[in-house]
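What follows is a set of notes on a single structure, which appears directly below.
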Amino acid sequence: MSSRSLAPLAAAVLAGLCSSPAFAVRPAVEGELIPRAALFGNPDRIGAQISPDGRYLGWLAPLDGVMNVWIAPIDQPAKARAVTDDKARGIRQFVWSYRDSTLLYLRDSGGDENFHLYAVDLSKPGPARDLTPYPKTRASLVRLAHRHRDSVLVAMNDRDGKWHDLYRVDLASGERTLVHRNEERIASYYADGDLKVGRVSRARDDGGIELLAPDGDKGWKVVDTIPFEDTQTTAIEGYSDDGKTLYATDSRGRDTSALYAIDGDGNKTLLSDDPRADIGELLTDPVSDEPQAVSVNYLRRQWRPLAPAIAAELARLESKLGKGEYTITSRTLDDKTWIVDYGSAEQPSTTYRYDGGGSGTLTKLFSSRPALDGAALVPMWPREIPSRDGKTLVSYLTLPAGAERDGKIQRPVPLILTVHGGPWSRDVYGYNATAQWLANRGYASLKVNYRGSTGFGKNFINAADGEWAGKMHDDLIDAVDWAVKQGITTPDQVAIMGGSYGGYATLVGMTFTPDTFKCGVDIVGPSNLETLLKTIPPYWASIFEQFARRMGDPRTAAGRKLLAERSPITRVDKISKPLLIGQGANDPRVNQAESDQIVEAMRAKKIPVTYVLFPDEGHGFARPENSMAFNAVAEGFLSQCLGGRAQAIGEDLKGSSITVPAGADGVKGLADALKVHTQEVKK
């Protein structure tokens, strides 16, 4: 891949494409400019969890600029100390084990997604211990059990990259004992509180899933089958501690998934359902693992209690919080203390300690981003947008201050359509750094749950089969048309931006509907669907049939034809608007080649493009320095295109690994900032 920048002539063409006519809609600009560091830098503290015995509180916070695990005695937060010392991309997830003073965390290297499981013993000095010290291995934690405190079940694919064997790992010694050698293409294991596996799942050749149970003779027997159309909305949620009850969300015979309890004879009892949305998170008893409440998220998350006792407790908790949304992140084994995260669109996550019983006591522990306290953050408005064929697209609109009053449009402003990844994921209400950033710069942003998004039943998901760059993209165009009709923006002032599938949607927007969008920002988006499916990670073998049936089958001529027709790389000559591409060099899902090939094709046709590449990132930009560097570039790019205000790139490349193989001259100030950054790195 060449490292040359665009020639000055190409840069001039790019600037010309971005220039706004005199009659263009102006961004709404009110209030102080919120620094990018406050929005995208490391949070102060986040992800708090209380230890099962209630002695310690743990959380993630920066250590020398890198996210690490910190702990403190629950009643002495001033005695906080870091117990990990990661110096690379940081630690993003940890959990307390039931073994006294032992916590576990996962980390990969450079974004390769080969996560290893580490243990930290707080009672002993010394570094964390890698419990899965095998090369090219992706580990997953299968089960913790309070009655077996000294060991955990872990799945590892060190023997065969496609399939995970199951081990019982001793937390004190790190010794692993083989529980099951996976020669049956098993995708997932489900165990009870005795660490006994009662069910496993396996993909079928038709894209469905079969559930198996031990046959009593060291083998397995099929006990249930999930048809292909229900695979995204039917899943085992887990066993009760005693292993007598299996809990599952299930959409068979219905549209939205419902929660069921299944006894040893296979009898099912309906626990909760909703006709508009799938059952989401489960709040379970810390000892019995019995579900006590479920969340349902249509426009916003709501908690529904399943028993009177928890209903009273949740009511007391909710009476002490505001009108935002909350999640109970952890509970002590005796259930006397909860850790609660609360937030809203205008308020980043705040963490509380809740001591239940009686009137209940709610104590604020910390806010995740105190630098934003008092900042002019704006509301997020849930909206239901009709598609052209009668579907309802649950969406979220964020408007800059001055463009709305009580959710009503005061005047049109430039709009950025931000498309979520997946595509089997969804957008939700709540604080969103990107939405607040864009609003503060003067833009409206619209997040759309297009068909294929999860949470709204199987019919909505399955309506996307074979519709990449088809009806899935029509939904996005319908949302843009809706925004224009509502007076939010005008047809000539719309950009598109997204990551992963959202990056693909951006490339589709630039190539399939080039007149709709004024510019686009693609982050780790695939450009060639056939090469994408050829290079998926080996551990995705169990879900390959899902990709083949929903996108196009690369093993057949008809499938390859469909994949080619829906690939932006085949329509490069249609690109006529400015494009910014961001990529991680170590991305195992969307390989660097996906970005390289469309950049090379554009340059061969002398079409301007700015390409930002991070050599130490994977599928997205985890290091805050890299995230801020890319957003500094994107902010300048969008300002040139839509006219919003922009904070100078300044020192926001500092500490990042940013490289710009193409088009540095296409964003004002980027080439100069890169020169300064390169000099700093050499020092």
Side-chain angles (χ1 to χ4, degrees), residues 33-49 57-72 77-94 103 105-113 115-116 118 120 127-128 130 348-351 365-373 375 431 433-434 436-437 523 582 584-586 612-635 647-660 673-674 676-683:
L33 194 77
I34 300 175
R36 283 187 295 267
L39 293 161
F40 299 110
N42 280 320
D44 268 33
R45 285 176 284 185
I46 200 168
Q49 296 185 50
L57 184 69
W59 62 84
L60 298 174
L63 175 66
D64 297 328
V66 179
M67 296 299 285
N68 276 278
V69 183
W70 293 66
I71 65 106
K79 291 189 176 182
R81 61 187 176 97
V83 295
T84 63
D85 189 21
D86 189 83
K87 298 184 183 302
R89 299 174 80 239
I91 296 168
R92 287 170 280 168
Q93 48 187 325
F94 79 97
L103 60 81
Y105 69 88
L106 291 163
R107 78 175 293 277
D108 67 349
S109 297
D112 63 5
E113 297 190 6
F115 289 97
H116 284 215
Y118 292 80
V120 177
D130 187 353
S349 173
T350 300
T351 301
L365 298 175
F366 51 78
S367 58
S368 60
R369 292 188 179 273
L372 291 176
D373 290 349
Y431 170 77
T434 298
Q436 295 294 340
W437 168 53
I523 305 167
N586 303 322
V612 177
L613 178 68
F614 295 94
D616 59 348
E617 290 287 3
H619 196 61
F621 311 139
R623 289 185 58 224
E625 295 89 345
N626 291 339
S627 177
M628 279 201 293
F630 183 79
N631 287 330
V633 177
E635 186 170 309
Q647 175 186 348
I649 293 176
E651 295 186 354
D652 275 8
L653 306 188
K654 187 175 182 180
S656 77
S657 64
I658 187 171
T659 65
V660 184
L674 280 170
V676 173
H677 176 63
T678 301
Q679 293 170 356
E680 291 294 328
V681 171
K682 289 180 178 179
K683 290 180 182 179

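- Proximity of a side-chain donor or acceptor of N68 to a complementary backbone N or O of D86 within less than 3.5 Å is detected.
- Across all non-hydrogen atoms, the minimal contact from S367 to T350 is CB-OG1, 4.0 Å.
- With hydrogens and angles disregarded, no donor-acceptor distance shorter than 3.5 Å links the side chain of D112 to the backbone of N586.
- Of all heavy-atom pairs between A585 and P615, the closest is CB-CA, 3.7 Å.
- Considering CD1 of I649 and CG of L674, their distance stands at 7.5 Å, rounded to 0.5 Å.
- No side-chain donor-acceptor contact under 3.5 Å links S368 to the backbone of P43.
- For the pair N631/L39, no side-chain contact is recorded, criterion being any heavy-atom separation below 4.5 Å from C-beta on.
- Looking at residues two or more places apart in sequence or on another chain, you find a side chain to side chain donor-acceptor pair (under 3.5 Å) between E635 and R36, W437, R441.
- Judged by distance alone, the side chain of Q49 and the main-chain N or O of F94 form a donor-acceptor pair under 3.5 Å.
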Inset, instruction - I would like to know whether Q93 and F115 meet side-chain contact (heavy atoms from CB on, under 4.5 Å); could you show each step before the answer? - result: CA-CA 11 Å; Q93 48 187 325; F115 289 97; 4.2 Å; yes

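- V69 has its side chain out of reach of V120: every pair of non-hydrogen atoms, C-beta onward, lies at least 4.5 Å apart.
- Salt-bridge check for D130 with R107: failed, with every basic side-chain N at 4.0 Å or more from each acidic carboxylate O.
- L57 and A48 get closest at one heavy-atom pair: CD1-CB, 4.2 Å.
- At a threshold of 4.5 Å between non-hydrogen side-chain atoms, the residues L365 and W59 do not count as touching.
- Listed here is the closest heavy atom pair of I34 and A375: CD1-CB, 4.2 Å.
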Legend entry - CA sep, side-chain torsions, deciding dist, call: Y118, I91, side-chain contact (heavy atoms from CB on, under 4.5 Å): CA-CA 11 Å; Y118 292 80; I91 296 168; over 6 Å; no

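- Side chain of D652 to main chain of A632: no donor-acceptor pair is present (N/O by atom type, distance under 3.5 Å, no hydrogens or angles).
- Between H116 and S109 the shortest side-chain heavy-atom distance does not fall below 4.5 Å.
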Inset, instruction - Tell me, with the steps shown, if V633 and I658 meet side-chain contact (heavy atoms from CB on, under 4.5 Å). - result: CA-CA 10 Å; V633 177; I658 187 171; 4.1 Å; yes

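- Considering NZ of K654 and OG of S656, their distance stands at 11.5 Å, rounded to 0.5 Å.
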Inset, instruction - Any chance you could lay out the side-chain contact (heavy atoms from CB on, under 4.5 Å) test for R623 and E617, step after step, and finish with the verdict? - result: CA-CA 8 Å; R623 289 185 58 224; E617 290 287 3; 3.4 Å; yes

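- Two residues are said to be in side-chain contact when any heavy atoms from C-beta on lie closer than 4.5 Å; F366 and I46 fail this criterion.
- Listed for the T659 side chain is a donor-acceptor partner under 3.5 Å among the backbone atoms of L613.
- Contact record, A673 with G650: CB-O, 4.5 Å, taken as the closest heavy-atom pair.
- Across every non-hydrogen atom of Q647 and L33, the tightest pair is CB-CD2, 3.6 Å.
- Aromatic ring pairs are classed by plane angle as parallel below 30°, tilted from 30° to 60° and perpendicular above 60°; the pair F630 and F614 is perpendicular.
- Formation of a donor-acceptor pair under 3.5 Å by the W70 side chain with backbone atoms of A61 is found in this model.
- Counting heavy atoms from C-beta on, the side chains of R89 and D108 come closer than 4.5 Å.
- Looking at N626 and D616, their side chains come closer than 4.5 Å, going by heavy atoms from C-beta outward.
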